[in-house]
Student: 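Following this message is one structure expressed as structure tokens.
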Amino acid sequence: MRMIYLDIDSLRPDHMGCYGYARNTTPNIDAIAAKGVRFNHCYCASSPCVPSRASFMSGRFAVNHGAMTHWGPGYDFYYPEGETHSETYAFFTRRLREAGYRTVTFSSFGDRHHAWWYFAGWNEVHTHTLKEGNEDADEVNAAVIPWLRSHGLEENYFLHIQYWDPHTLYTYPQEFAEQWREHPAKPYPSEEEIAAHQTDRFPHSAAYLHTDRVFPATMPNRIANRKDYIDLLNGYDGGISYMDKHVGEIVQTLHELGIQDEVCFIISADHGESLGEHGIYAEHASATESVHHLPLIIKAPGITKPGTVVNGLIYNVDVVATITDLAGLPVPSGWDGASFSAVLRGEHWQGRDYLVMDHALYTCQRAVRDQKWYFIRTYHPGLYNFEPVSLYDMEHDPNQTTNVADLHPDIVKEMDHRLSQWLHEHLGKPGHSTDPLQKVVETGPWKYVTLEDWVQRLRDKGDHEAANHYAGVYRD
């Protein structure tokens, strides 16, 4: 089997045509989806980038692989068996190589995040720029397409391609944002909701959209009203559109090679993106629906049936388990993922009853998600405005605007029990020392890396009231 995995940073499913988005952002991906299976409820077990891709590489939850954040305590990737590579805790890429697959990645992720473990198990690692991420899709394809022309006709390869374009900053050609000027924008958040967000003073809030001092014309300076929000939306959708154009170039190359119908496509993301939810704009900073909900499309020739839609709950670690299963290998017993290859073949499959997810970079949270409810326990709010306990009715409040925890104490109790049970299960495993999320709670990056810089940026912007607020609150 020839497999191509498209790993698209910060991509929300609800901004893709195949998921019902009104704007025609993803015609090339939509065409692939029409020939395969679209999953409506795929979630990353941990966000943001480092913990999510550590789960991709290891098949494990962050509570087990240890890389819960981006630096400092809680960042250490580890094996329960120490230094050895084992059958029980095999790297995903090493597992595929055991099955005779040539494993190739075109990604600057390992360089960007100093993630030594990312480089394990690949036959080829192409860090095709030194930008440490945020390469435009044309730069990615300039490296990928020559590889495909040289090796695409070979058998049994797993080709991982990472695109960054939906991730801020939006550095693609500006006309890809401008194309949406006359297209209607989704109604959330409303003018009233944006007005209420003006009092927020945290990174990537409406008033302080940018932590970078210089940003491109594809992004507004701040979100003062709906017009600014639509400018941001156009920028985000422009990045998706630019990426999709270059996915079309990949498909065209496969067509020229005569193998367009013989390639297995897996299309997903590391995490999503908040676009106004919880007052956060253009950032992935919490264990919320907008950040953890992923697209997932699988087209496997001879296996998947065109036009299939699946609603069961799954993790991203289940995706790597399924790819391993498709390669003809048993899923390692030390992985947290479970294969759902049965549903790809059209067989009965139910999905998970609920998911437990976490985030520990900008805030420290764990969430429990089932088909109706989304529960969040915040262990430390970081720089954000989160209540200790939140509950959202996802059937009636998909943007998570109203915390109904006080109205449903029985649901809160059940979700909290699920979370406690999950923690006991994983922290009780042999060789487990401590919860990496608690390491972040105790030492938080807001205490030793970002706070002084953030306070200084507020002073530079002239907002001395907010600067004094943060300096005082987090000093205490």
Student: Are the aromatic rings of Phe77 and Phe91 close, with centres under 6.0 Å apart?
Tutor: yes

Student: Taking the six-membered ring of Phe375, is NZ or CZ of Arg369 closer than 6.0 Å to its centre and within 45° of its axis?
Tutor: no

Student: State which residues pass salt bridge (Lys or Arg N to Asp or Glu O under 4.0 Å) with Arg2; sequence neighbours excluded, sorted by chain then number.
Tutor: Glu155, Glu262

Student: Can you tell me how the ring of His167 sits relative to the ring of Trp164, calling it parallel under 30°, perpendicular over 60° and tilted otherwise?
Tutor: perpendicular

Student: Is the distance between the ring centroids of Phe106 and His126 under 6.0 Å?
Tutor: yes

Student: Quick one, Asp111 with Lys131, criterion salt bridge (Lys or Arg N to Asp or Glu O under 4.0 Å). Give me CA distance, side-chain angles, the key distance, then yes/no.
Tutor: CA-CA 9 Å; Asp111 187 28; Lys131 290 186 173 182; over 6 Å; no

Student: Compare all side-chain heavy atoms of Val356 with those of Tyr315 and state whether any distance is below 4.5 angstrom.
Tutor: yes

Student: In a check of ring pair (Phe, Tyr, Trp, His ring centres under 6.0 Å) between His160 and each of Phe109, Trp147, Phe92, Trp122, which one passes?
Tutor: Trp122

Student: Would one find more than 12 heavy atoms of other residues, nucleotides or ligands at under 6.0 Å from atom NZ of Lys372?
Tutor: yes

Student: Taking Arg418 first and then Asp370, would you say they form a salt bridge - that is, a charged N and a carboxylate O separated by under 4.0 Å?
Tutor: yes

Student: Check salt bridge (Lys or Arg N to Asp or Glu O under 4.0 Å) between Asp136 and all other residues, then give those that pass, not counting sequence neighbours.
Tutor: none

Student: Counting only heavy atoms not in Gln350 (residues, nucleotides, ligands), do more than 12 fall under 6.0 Å from its CD?
Tutor: no

Student: What do the steps show when you test Lys35 against Asp30 for salt bridge (Lys or Arg N to Asp or Glu O under 4.0 Å), and what is the final call?
Tutor: CA-CA 9 Å; Lys35 297 177 182 178; Asp30 298 345; over 6 Å; no

Student: Answer yes or no: is there an ion pair linking Arg94 with Glu98, defined by an N-O contact shorter than 4.0 Å?
Tutor: no

Student: Who pairs with Glu283 by salt bridge (Lys or Arg N to Asp or Glu O under 4.0 Å), at least two apart in sequence or on another chain?
Tutor: none

Student: Is a salt bridge present between Asp7 and Arg53, judged by a nitrogen-to-oxygen distance below 4.0 Å?
Tutor: yes

Student: Cation-pi between Arg112 and Tyr118: NZ/CZ under 6.0 Å from ring centre and within 45° of the ring axis?
Tutor: no

Student: Decide whether Asp358 and Ser46 meet the rule of one side-chain donor and one side-chain acceptor closer than 3.5 Å.
Tutor: yes

Student: Charged N to carboxylate O below 4.0 Å: is that the case for Asp237 and Lys186?
Tutor: no

Student: Which heavy atom of Cys364 sits nearest a heavy atom of Val440, and at what distance?
Tutor: SG-CG1, 3.7 Å

Student: Under the side chain to side chain contact (heavy atoms under 4.5 Å, CB included) rule, collect the residues that match up with Ala34, sequence neighbours excluded.
Tutor: none

Student: Set out, in order, the CA-CA distance, both residues' side-chain angles and the distance that settles salt bridge (Lys or Arg N to Asp or Glu O under 4.0 Å) for Arg12 and Glu277, then state yes or no.
Tutor: CA-CA 13 Å; Arg12 289 175 59 136; Glu277 292 86 359; 3.1 Å; yes

Student: Just checking Trp422 against Phe61, ring centres under 6.0 Å apart?
Tutor: yes

Student: Can you list everything that forms a side-chain hydrogen bond (donor to acceptor under 3.5 Å, both in side chains) with His246? Sequence neighbours excluded, please.
Tutor: none

Student: Do the ring centers of Phe176 and Tyr242 come within less than 6.0 Å of each other?
Tutor: yes

Student: Tell me every residue that passes ring pair (Phe, Tyr, Trp, His ring centres under 6.0 Å) with Tyr236, counting only those two or more places apart in sequence or in another chain.
Tutor: His15

